Amino acid sequence: MNLHRAAFRAALALASFAAVAALAQEAPAPVTVVHCPSLFDSAAGKMLGPSTVFVSGNRFQKVEAGTQTPLGATIIDLPGATCLPGLIDDHVHLDDQLGPKSYEERAQVNFANLVLRSTLYARRTLLAGFTTVRNVGDTDYDTVALRQEIAAGTVIGPRIFTAGPAMSTTGGHADDSNGLSLKLQGDPGPLQSIFNGADEARKVVRLHYKEGADLIKAMPSGGVLDLGTNGSGPQMSEDEIRAIVETAHDYGMKVAVHAHGAEAIRRSVIAGVDSVEHGTFMDDEDIKLMVAHGTFYCPTVYTGQFVAEQAKKGAYPPTVAAKALAIGPQIMNTVTRAYKGGVKFAYGTDAGVYPHGQNWEDFIYLVKAGLPPAYTLQMATINAAQLLGHDDEIGTVAAGKYADLVAVPGNPLDDITVMSKVNFVMKAGVVYKRDGREVLTQ
Ligand SMILES: [Zn+2]
């Protein structure tokens, strides 16, 4: 071989290597396009016409008007459907679902049973179109484990942001020893998320951080479903709530509070919490304070109706039934007043008190309470994402965000009940439901 030929071969090899490299660079990543006859623009609160949503990997690549069919792309047609960003429920309890035996079972059930059940509840939630949830109260951080397994792909479910166990004072709404005999009560303390005083409150927040919680849930007022008699009175001092909020915010965690009574809401908002859950007896002063502080309201409106109905059917012990009948039906009226007063709402249902997978019920009751359908859809997308502090990643269909996309048959702005019929679910670019049927991904 002469030198010329060797040099020519080397040049050829280099050239072909360069060509292959160029091809590798130019070869577009596999793209899926979804043809949406209409697309809800959650940022603007408006319905767009025919749109093509481009998905690459786990993210949205771009959105274009009209029906585009790029060469080589996988096409998903959704005739007659309205597409929306993946729905977000900011108030669920994935490791629990109340049933007729819940109260007697409480002292006997194995922790592993709760965990196993949570995998079914998570799947039902995702298939109902809720691609992200905020879990606000669990047992022993089991939803931290659930979050990790879903993220790893071993369990099917929504993306989870979890508070771990809810924080409560002794005898408060989340003190599980309420109703037990003194002999069985033990002395629940910070390790069980029960605290008294600002110092213990700080310790519980730090324990939550250490155990992998994403946010904090606290119970500054009484509640319906525990066995205590106090359903709405304050159960934390302002000083205690402030200690929770300051510590949580130091660690980058937001604070959600369960609060029914006006005084507990007032203390919480002044102390700087990020959201008020339920808010049943919110008064005009609370409404003004929430607007001034930018505090979100998660109304859990259907749960209020549900617990009152269940109480009438004899589903709860007498103490619980009395509270359910007094508190439940008030929420519709509160929702109307808070909306008119300018409070910012995020979608939160309390699923687990009623069956998981029916998280759409709140859309119907919020519209009945007088909220515009488009606003209820924003609550469950962009607003819920803002409350989570992750609106840069989820809550809108936009380039660079997680490819979370769902579809319903028809236009929810004309008929909100179509939200109960989510028939297409994509989370992070993976299709879990199509044509109303679950798609096997494992
Ligand atoms: Zn709850």
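Worth knowing before you read on, the calculation uses all heavy atoms, side chains too, and leaves out hydrogens, waters and symmetry mates. Indexing begins at 1, ligand by ligand and atom by atom, following the structure's order. Bear in mind the structure is a predicted one, so any value in this text is a computation, not a measurement.
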Can you find a heavy atom in the side chain of K401 that is under 4.5 Å from one in the side chain of E393? no
May I ask you to say whether K313 pairs ionically with E309, meaning some side-chain N is under 4.0 Å from a carboxylate O? no
For residues H93 and D350, is any side-chain donor paired with an opposing acceptor at under 3.5 Å? yes
If we only look closer than 2.8 Å, how many protein N, O or S atoms does the Zn ion (ligand 1) have near it? 3
State whether F424 and K433 meet the cation-pi test: NZ (Lys) or CZ (Arg) under 6.0 Å from the six-membered ring centroid, and within 45° of the perpendicular axis. no
In the structure I gave you, are the side-chain heavy atoms of F363 and T376 within less than 4.5 Å of one another anywhere? yes
Between R117 and D96, is there a salt bridge with N-O shorter than 4.0 Å? no
